[in-house]
Every structure is written in C-alpha cells, then in structure tokens.
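Encoded as structure tokens, the structure appears first; notes follow it.
Start at 1 with the first residue, then count along the sequence. Here the structure is a predicted model, which is why all the values come from computation and not from measurement. Side-chain atoms are counted along with the backbone in the values below, which use heavy atoms only and exclude waters and symmetry mates.
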Amino acid sequence: MAITTNEIIWGETYNISVSAQDSGGNAVTLNGTWSAACRISKDYIGGDVILNPTMTIAAGVATTSLDTGNDEFSHGVYYYDVRLTDANGHDYWTSPVRLILANRNTPNT
C-alpha cells in the first residue's frame, strides 16, 4: 500500500477527485449507478472519523471540496480514503492519502 502525501496551508480549500479503473487498468466510468463516500480521520489511518464529506459523481469522477478553515480542522496530519460502491453493492476502496495542514504563516506584529 502506497500512501500519497499532499500538503496545503490550514484554512485553504482542498479538492478530492477520484476516478476508477478495472483490474486490467481500463477506465471505469462512474455514473448514477455508483455511489461514493469519503471518510477523514486525524493523526493516523483508521482513527476516529472526524468528517464524512458528501461526494458528487459527475462526468465519470467522484469529487468533493474541503474547507479546511472549518471548525473540524486545525493544523496537523489527516488521512482520508474514498469508498466507491457499484450498482451490485460491491465496495472498492482507495489507498489512504495523508493530508498535512501546515500552520499558517502570520507576520509578526
């Protein structure tokens, strides 16, 4: 399992987009028969879920945007993964992604 790491400044908007491939590497078009769910935990993989943002499926891709300035977030390390579910109820999970929210740089006053 490879973990991707992304870093942004705490308070910025973070966009998540997920597409799918079959076992042969061919693109699978996500459509209205699919559903997508995202879960976000803090500090470690499999930790307490702090947020389950709604994901939208359009143009073959599942997407959501996170406003990391919301109360659920502070600077630190988060992990998220996405579950795609097909029309037959089969679940497919992404590998976890580490999201680092770097502390804001504020000028000295």
Side-chain angles (χ1 to χ4, degrees):
M1 165 175 60
I3 297 177
T4 303
T5 300
N6 294 321
E7 183 172 339
I8 64 171
I9 302 297
W10 168 40
E12 293 180 344
T13 299
Y14 182 72
N15 298 309
I16 299 172
S17 293
V18 176
S19 57
Q21 297 179 346
D22 65 17
S23 59
N26 301 307
V28 173
T29 301
L30 304 180
N31 58 32
T33 66
W34 288 78
S35 64
C38 183
R39 63 181 181 186
I40 300 172
S41 59
K42 186 161 176 32
D43 298 326
Y44 58 93
I45 297 170
D48 291 336
V49 175
I50 63 158
L51 189 64
N52 289 302
T54 302
M55 298 199 75
T56 303
I57 295 177
V61 178
T63 61
T64 193
S65 291
L66 304 176
D67 179 354
T68 66
N70 286 344
D71 291 341
E72 296 91 355
F73 296 101
S74 61
H75 68 282
V77 178
Y78 295 81
Y79 290 87
Y80 71 87
D81 54 18
V82 175
R83 182 187 73 231
L84 299 173
T85 305
D86 67 16
N88 297 320
H90 298 113
D91 291 334
Y92 307 90
W93 291 89
T94 64
S95 293
V97 176
R98 178 186 302 123
L99 175 60
I100 299 170
L101 300 182
N103 207 358
R104 297 180 183 126
N105 294 326
T106 56
N108 293 333
T109 56

Stepwise side chain to side chain contact (heavy atoms under 4.5 Å, CB included) test for T5 and E7: CA-CA 7 Å; T5 300; E7 183 172 339; 5.6 Å; no

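The CD1 atom of I16 sits 9.5 Å away from the OG1 atom of T63 when rounded to the nearest 0.5 Å. Going from atom CZ of R83 over to atom CZ of R39 covers 8.0 Å, rounded to the nearest 0.5 Å. Remark: F73 CZ to L51 CG distance equals 5.0 Å, nearest 0.5 Å. Rounded to the nearest 0.5 Å, atoms OH (Y78) and OG (S41) are 10.0 Å apart.
There is no side-chain donor-acceptor pair under 3.5 Å between T94 and D81.
Annotation: D48, atom CG; neighbour count of heavy atoms from other residues, nucleotides and ligands within 6.0 Å does not exceed 12. By the neighbour-count criterion of 12 heavy atoms within 6.0 Å, atom CG of N88 is densely surrounded, having more than that number from other residues, nucleotides or ligands.
Of the listed residues (V82, L84, V61), just one forms a side-chain contact (heavy atoms from CB on, under 4.5 Å) with M55, and that residue is V82. Between Y14 and the choices T64, D67, L99, the side-chain contact (heavy atoms from CB on, under 4.5 Å) rule is met once, by L99.
Under the 4.5 Å side-chain heavy-atom criterion for Ile, Leu, Val, Met, Phe, Trp and Tyr, Y79 and I100 are members of the same hydrophobic cluster.
For the ring-ring contact (aromatic ring centres under 6.0 Å, His included) test, residues two or more places apart in sequence or in another chain that qualify with W10 are H75.
Using modelled atom types, one side-chain atom of T68 and one backbone atom of E12 make a donor-acceptor pair closer than 3.5 Å.
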